[in-house]
Chemist: 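The structure is given below, and queries will be raised subsequently.
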Amino acid sequence: QRNVDELTGQAESFITVCYQELEKSQSELERRLADIHEEVILTGTYIHTEEELAHGARMAWRHNSRCIGRLFWHSLAVIDARGAETVEEVAGALLRHVEQAYNGGKVRPVITVFRSDEQPDRTIRIWNHQLIRYAGYPGDGEQPRAGDPASDEFTAVCRKLGWQGSGGDFDILPLVISIGGEEPRWFPVPPGLVQEIPLTHPEIGRFPELCLRWYPVPVVSDMCLEIGGIRYPAAPFNGWYMETEIGSRNLGDIERYNRLPAVADLLGLDRSTNTSLWKDRALLELNRAVLHSFKQAGVSIVDHHTAADQFVRFQEQESRQGREVSGKWGWLIPPMSPSSTPIWNDNTLRDLHLSPRFMYQKKAYA
Ligand code: HEM
Ligand SMILES: N/C(=N/c1cccc(CO[C@@H]2CCNC2)c1)c1cccs1
């Protein structure tokens with residue numbers, strides 16, 4: 001009985017706000033609430049309409065306290081894939097998501113929502129952290145490591161399932177999907193689907209000697225979307241990149257590709273002392289190379305200053321709508337030159353833990 005009351009309460013809160021924002025009438029709201037109440041009593045759950053699913057997903061983005069890119073929350077394209085039954089159908093939907101999101105370089109924010117987790121034996125899980133990501137190879141005593149250390153564990157799972165990579169720094173991992181307790185199935189990403197971007201620099205002609213590249217679209221695929229008490233454990237979503245994610249973190253972090261020394265050496269910087277600020281100069285040129293290369297390739301990307309300004313516009317927009325903004329300062333400030341952005345001095349940010357929301361969930365493997 002508790003679950004029925006808890007679910008009914010969560011449904012009521014969501015539907016009330018959702019129908020208000022969609023400017024539906026009071027009678028339509030009351031009818032929907034009565035129908036849901038009956039459905040929950042009869043079946044123990046309830047099914048979202050396409051409209052409720054779409055607006056709920058947009059609200060979950062708008063609510064996320066860690067996201068700097070929320071100005072465009074209203075434009076999220078929502079693909080309803082709750083009817084996908086087999087792993088083959090799921091894999092097909094994921095490949096279509098990547099294509100739709102890339103959109104020839106004019107990246108579109110898209111989310112694909114698969115069925116909710118009512119029936120455990122039919123629950124779909126995507127084992128990838130992101131649909132497109134590079135493999136990681138720890139190497140052994142003799143062999144040097146290769147690829148993205150963040151992918152080492154998942155890459156080992158893929159190899160155990162029979163997938164083979166080239167062992168290089170930029171092998172694109174397969175899609176790994178499971179349904180209920182079944183063994184996961186893996187599907188290679190077709191080579192032509194991902195137009196990777198080789199990194200060049202606007203002034204440093206020898207930059208390509210670093211042999212660096214990155215994929216155009218980040219599609220996070222391991223978070224759970226919760227709307228009005230209903231959980232969707234497979235709901236991959238993408239936006240476009242902010243350049244520092246690639247330049248400062250993915251390629252810059254010591255425990256990731258750790259390329260700052262190589263960039264500094266190419267620049268002929270003095271790495272024998274911190275006071276030359278060689279790491280800072282390497283970070284700057286690496287981030288400039290990322291922006292330059294994406295622009296050259298005609299692929300959407302945002303720099304951290306523009307993204308911060310857009311976040312301030314989002315705060316103003318939300319204030320006009322009479323909504324408080326949920327924010328986590330430590331996540332919203334960019335990893336490069338944070339104090340030069342307007343977010344730095346914002347001491348009003350609070351994490352409001354709003355729902356609908358995106359949640360972390362137990363890894364599908366290990
Ligand atoms: C449109 C362009 C977008 C940009 C530039 C952007 C930027 C970012 C950045 C830089 C982060 C921090 C990531 C990190 O430090 O690892 C973030 C976090 C996040 N974003 Fe956005 N975002 C965008 C769109 C979206 C969309 C479309 C969604 C979902 C519908 C979304 C949901 C989230 C969530 C859930 C997090 C927190 C992830 C976590 O806790 O690990 N974002 N965003
Ligand atoms: N630009 C982006 N960046 C990210 C947004 C959310 C999560 C991530 C990756 O998160 C990892 C876990 C915490 N940091 C790295 C990256 C987007 C991905 C999907 C929509 S926008």
Side-chain angles (χ1 to χ4, degrees), residues 53-79 94 97-98 100-103 106-113 126 128-134 148-151 153-154 214-227 232-253 255-257 287 290-291 294 299-311 313-314 325-336 338 341 343 351 353-361 363:
L53 186 76
H55 196 68
R58 293 181 183 122
M59 288 173 76
W61 177 12
R62 188 183 80 204
H63 290 159
N64 190 269
S65 61
R66 297 171 170 187
C67 181
I68 193 172
R70 288 177 276 169
L71 177 61
F72 307 103
W73 70 271
H74 207 262
S75 66
L76 177 68
V78 182
I79 298 171
L94 296 182
H97 182 126
V98 171
Q100 284 292 311
Y102 179 65
N103 186 34
K106 189 157 181 30
V107 179
R108 283 182 288 219
V110 181
I111 185 169
T112 298
V113 186
I126 300 164
N128 308 62
H129 162 62
Q130 290 183 29
L131 296 188
I132 306 300
R133 215 182 188 205
Y134 296 124
D148 187 346
S151 294
E153 188 188 1
F154 178 59
W214 206 258
Y215 53 89
V217 184
V219 191
V220 169
S221 48
D222 59 1
M223 294 186 80
C224 181
L225 167 61
E226 183 195 70
I227 300 172
Y232 298 94
F237 60 85
N238 76 278
W240 47 80
Y241 264 119
M242 180 163 81
E243 101 282 16
T244 48
E245 298 182 76
I246 302 168
S248 292
R249 308 304 313 278
N250 301 346
L251 295 175
D253 283 4
E255 66 281 1
R256 297 292 298 282
Y257 280 82
N287 278 298
V290 170
L291 282 172
F294 268 65
V299 177
S300 310
I301 192 163
V302 66
D303 67 84
H304 52 291
H305 300 290
T306 303
D309 293 343
Q310 290 169 339
F311 179 71
R313 288 175 52 204
F314 168 69
V325 168
S326 181
K328 253 173 110 71
W329 187 84
W331 274 73
L332 291 169
I333 56 169
M336 175 164 198
T341 71
I343 303 173
D351 191 341
H353 302 291
L354 303 171
S355 174
R357 59 182 172 147
F358 287 102
M359 305 152 53
Y360 289 156
Q361 57 186 340
K363 266 188 188 166

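Numbering of ligands and ligand atoms starts at 1, following listing order. Values below: all heavy atoms of this structure, side chains included; hydrogens, waters and symmetry mates excluded.
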Chemist: Which residue and non-hydrogen atom of the protein lie closest to atom 38 (C) of ligand 1, and at what distance in Å?
Modeler: Met223 SD, 4.1 Å

Chemist: Would you mind finding which of Asn238, Val219, Thr306, Asp222 brings a heavy atom closest to atom 27 (C) of ligand 1?
Modeler: Asn238

Chemist: Would the Trp214 and Tyr134 ring centres measure less than 6.0 Å apart?
Modeler: yes

Chemist: Find all protein N or O atoms under 3.5 angstrom from an N or O atom of ligand 2 and list the pairs with distances, or write 'none'.
Modeler:
{"from": "ligand 2", "atom 1": "1 (N)", "to": "Trp240", "atom 2": "O", "distance (Å)": "3.0"}
{"from": "ligand 2", "atom 1": "1 (N)", "to": "Glu245", "atom 2": "OE2", "distance (Å)": "2.9"}
{"from": "ligand 2", "atom 1": "3 (N)", "to": "Glu245", "atom 2": "OE1", "distance (Å)": "2.6"}

Chemist: Provide, to 0.1 Å, the distance between atom 39 (C) of ligand 1 and the closest protein heavy atom, together with that atom's residue and name.
Modeler: Tyr360 OH, 3.1 Å

Chemist: Between Trp240, Phe72, Phe237, which one has a non-hydrogen atom sitting closest to atom 3 (C) of ligand 1?
Modeler: Trp240

Chemist: Starting from the C-alpha separation in whole Å, work towards a yes-or-no answer on side chain to side chain contact (heavy atoms under 4.5 Å, CB included) for Trp331 and Ser65.
Modeler: CA-CA 8 Å; Trp331 274 73; Ser65 61; over 6 Å; no

Chemist: Between Glu243, Arg249, Met242, which is the residue that forms a side-chain contact (heavy atoms from CB on, under 4.5 Å) with Glu245?
Modeler: Met242

Chemist: Quick one: does any side-chain atom of Arg357 pair with a main-chain N or O of His63 as donor and acceptor, under 3.5 Å?
Modeler: no

Chemist: Might you confirm whether atom CZ of Arg256 has over 12 heavy atoms from other residues, nucleotides or ligands at distances under 6.0 Å?
Modeler: yes

Chemist: Quick one: CD1 on Ile227 to NE2 on His55, what's the gap to the nearest 0.5 Å?
Modeler: 10.0 Å

Chemist: What distance separates Leu251 CG from Thr244 OG1, expressed to the nearest 0.5 Å?
Modeler: 11.5 Å

Chemist: Nearest 0.5 Å please: distance from the CG atom of Leu131 over to the CD1 atom of Ile126.
Modeler: 6.0 Å

Chemist: How many angstroms lie between CE in Met223 and CZ in Phe358, if you round to the nearest 0.5 Å?
Modeler: 7.5 Å

Chemist: Counting only heavy atoms closer than 4.0 Å, does ligand 1 sit against the backbone of Arg249, its side chain, both, or neither?
Modeler: neither

Chemist: Could you count the protein N, O or S atoms found under 2.8 Å away from atom 21 (Fe) of ligand 1?
Modeler: 1

Chemist: Out of curiosity, Ser221 OG to Phe237 CZ, how far, rounded to the nearest 0.5 Å?
Modeler: 9.0 Å

Chemist: Just verifying a value: how many Å separate His129 NE2 and Lys363 NZ, rounded to the nearest 0.5 Å?
Modeler: 10.0 Å

Chemist: Could you check atom 14 (C) of ligand 1 against the protein and tell me its nearest heavy-atom contact, residue, atom and distance included?
Modeler: Trp331 CZ3, 3.7 Å

Chemist: Would you say Gln361's side chain and Pro233's backbone share a donor-acceptor pair under 3.5 angstrom?
Modeler: yes

